[in-house]
Amino acid sequence: MAEAAVAEGGMTRREFLYYIWGASMALFTAEAAGLLIYFAIPRFREGQFGGAFPVPVDLLPGVNAPPTNFPDGRFWLVNLDTSSGEGSERMSPASDESEPIVGVLAIYKVCTHLGCIYDWNGANERFECPCHGSKYRLDGRRIEDPAPRSLDRFRVEALDANQEVLATADTAVIADTTTYAPLVLPDGTATIRVDTGGRLDGPSQPLLCELRDSCP
Ligand code: FES
């Protein structure tokens with residue numbers, strides 16, 4: 001009797017609860033849609049560290065040549081082919097590497113020991129870290145420690161002249177570490193896109209100086 005009276009002048013308690021429930025569901029749906037849109041929008045712009053860096057293919061270094069530095073993206077690009085015989089002073093295979101190492105790698109410019117910025121030493125033909133002396137081969141493999149692993153790698157894609165993706169670097173398991181394999185560029189590659197938001201650890205292979213019996 002009391003509920004009917006309320007219904008004549010306004011809303012019943014049950015109607016009120018329905019409205020509250022409807023409003024809650026609408027709010028929940030709006031929040032979920034907002035989150036979806038938030039995660040769908042790239043957080044980093046092209047050319048900003050954390051985002052993608054397009055590199056014209058003619059800026060690639062030659063086969064086994066010294067690396068090309070991209071300071072804004074905090075990476076080096078290297079172009080490897082240990083079967084070519086070129087640049088063997090920089091990129092010769094080790095005794096535990098039976099397959100040729102071929103393709104393009106984008107290597108993170110931060111030392112895997114304690115995060116210093118290392119550099120390419122052209123006189124010694126290798127990367128060297130000024131902080132504690134870690135050394136790395138052209139492809140980022142550790143030569144001397146204390147670095148706990150080889151240099152980290154970014155995902156690389158090959159694009160044609162219309163910016164269509166021709167190939168993407170595969171992942172490979174090396175010394176129990178899943179990392180990016182060098183990308184062999186297909187014919188028609190015009191641009192290489194380096195995704196600095198897609199980084200994988202470098203592999204924890206044996207030190208090259210141990211294999212060569214040349215550790216200090
Ligand atoms: S930070 Fe590079 S060797 Fe320590």
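In each ligand, atom 1 is the first atom listed, and ligand 1 is the first ligand listed.
Aromatic ring centroids of Phe75 and Phe53 lie under 6.0 Å apart. Here the two rings, on Tyr136 and Tyr118, have centers that are under 6.0 Å apart.
By the 6.0 Å contact criterion, CG on Asp176 is open, its count of non-hydrogen atoms from other residues, nucleotides or ligands being 12 or less. Sparse packing is recorded around CG of Asp187, with 12 or fewer heavy atoms of other residues, nucleotides or ligands lying under 6.0 Å away.
Remark: the backbone N or O of Leu207 is not paired with any side-chain donor or acceptor of Arg141 at under 3.5 angstrom.
One hydrophobic cluster, built from ILVMFWY side chains closer than 4.5 Å, cannot hold both Tyr108 and Leu105; they sit in different ones.
Around atom 2 (Fe) of ligand 1, the protein N, O or S atoms closer than 2.8 Å are Cys111 SG, Cys129 SG, listed by chain and residue number.
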